[in-house]
Amino acid sequence: MRIGRTLPPAASPIGWKSFFHGLVGLGHGEKELERFKGEFCSYFGKRHCFLVSSGKAALTLILRALKERYPGRSEVIIPAYTCYSVPSAIVRAGLEIRLCDLAENSFDFNYEQLAPMLESKRVLAVLSTHLFGLPANVARLQGMTDDPEITVIEDAAQAMGSEYRGRQLGTLGDVGFFSLGRGKALSTVEGGVILTNDNSLAEVIQNEYGSLPEYTATDTLKLILYAVALNLLMHPWLFWLPKSLPFLKLGETIYDTDFSIKKLTSFQAGLGRYWRNTLANSKQIRSMHVSNWESVITGSFTSTQESTPYPLIRFPVITDSHQAAISIMRQSEDAGLGIAWSYPTAIHRIQQICDQFRGLEYPNAVFVVQRLITLPVHQYLSNRDVVAIARLFSKTGVAPLRPLKKNNSRTINNRSNDES
Ligand SMILES: *Cc1c(COP(=O)(O)O)cnc(C)c1O
């Protein structure tokens, strides 16, 4: 166990000023929620917005609404490498998971594999996923089907504030959602946001939403205490403490379909009183770190073609081998550098659901599981941390370093996808 300065892998601190406005928001009740909702609608240019208790709750609500709208359809296509919350939500909504492998050198779909899957009259929805905030090719997906009963859902859980060619991620699909969980671009302890311009879909979601429970007084008190804990403990000088408590299960990825689906509280809406400033500041810092990592560290994936760095929430690096990834992770743990694995398995290998994928293989997803590690890009990352991480990479000799300031990186990204 490490005691002393330890970077968290991701951090989106709430801050005491926002905490105060959370308490004020609690007093304002419904009015505070209407303000928060209205701001999302105008910022993202969408007519309808729904605020719920998590990203997976948001996805479940969307899927339940679609299921009601197209009762003959039951399948949801997702990437074979993504957050465990996604299959959890599909199962929770009473629908079936269909997997498509990643393309080589990308976190986006293998579109050749996806094309025939879209022919099926059982497909209800496809999730375009901006992993780490890297844009997936939503336009290409939309161009691949003209079936009016297939909905393109944009999983922008990790991508709030990221843009692709001047358009906000989360606004490109038929319906999109964000997560306001800890470690995402913007956090209100927990929370989820649904955005859409589709009036009839919004009507069905509104019905579902209307019947959702609210947080009880006890739940709300827990939220408030959790916000205090996050404010204190996500700081590098204290993060070693929660990290060393195994019952907190920090950083563990758990498949669980038994999550609660509630309306967001006015406390959380109040925490988001200054969300546009918070997001803008955090975007600036994260873009800067992304740009730094791009110039220093060489992964083994595709090359960067666009000049402006994306405000990722973690910086993905594909190492030369699984052994190399293990070695870097071990050293980072010892030194408290905040490097983290991403998801521990591909979706078809999640214990609780692997039976339904027997005989199916998703090699690119498995490749990513074995080789991918992620570097911190948050505000607590100091110059000394950057130097220490760069030194760790060069010592391990697994992902060669570039001389600083040479703009020629080869980190994993989806930017080379053609916009066809
Ligand atoms: C975090 C996340 C979700 C779910 O959001 P929660 O608020 O944690 O429920 C869904 N998809 C992706 C890609 C995520 O990273």
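Indexing begins at 1, ligand by ligand and atom by atom, following the structure's order. None of these values were measured; they are calculated from a predicted model.
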Review point. How far is atom 11 (N) of ligand 1 from its nearest protein heavy atom, and which residue and atom name does that atom have?
Key: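 For atom 11 (N) of ligand 1, the nearest protein heavy atom comes out as Asp155 OD2, 2.8 Å.
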Point to revise | Shortest protein contact, atom 6 (P) of ligand 1 (heavy atom only) | key: Gly55 N, 3.4 Å
**Study point:** Face-on cation placement of Lys263 at Tyr215 ring, 6.0 Å and 45° thresholds
**Key:**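 Negative - Lys263 is either too far from the ring of Tyr215 or too far off its axis.
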Review point. Does the ring of Phe259 carry Arg92 above it, NZ/CZ under 6.0 angstrom from centre and within 45° of its axis?
Key: yes
**Study point:** Side-chain ion pair, Lys37 and Glu30, N-O less than 4.0 Å
**Key:** no
May I ask you to list the atoms of ligand 1 that are less than 4.0 angstrom from any heavy atom of [X]?
X: Tyr343; result: 15 (O)
X: Ser54; result: 7 (O), 9 (O)
X: Val86; result: 10 (C), 11 (N)
X: Ser85; result: 4 (C)
X: Cys83; result: 2 (C), 3 (C), 11 (N), 12 (C), 13 (C), 14 (C), 15 (O)

Review point. With a 4.5 Å heavy-atom cut-off, do Pro9 and Phe239 have their side chains touching?
Key: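 Yes, at least one pair of side-chain atoms sits under 4.5 Å.
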Review point. Given side chains that start at C-beta, do those of His130 and Asp108 come closer than 4.5 Å, heavy atoms only?
Key: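 The answer is no, as the side chains (C-beta and beyond) never meet within the 4.5 Å cut-off.
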Study note, to complete from the structure: Filtering His130, Lys184, Gln158, Lys56 for the heavy atom nearest atom 1 (C) of ligand 1 leaves Lys184
Practice item. Output yes when a side-chain donor or acceptor of Lys67 lies under 3.5 Å from a complementary backbone atom of Ala93, and no otherwise. Key: yes
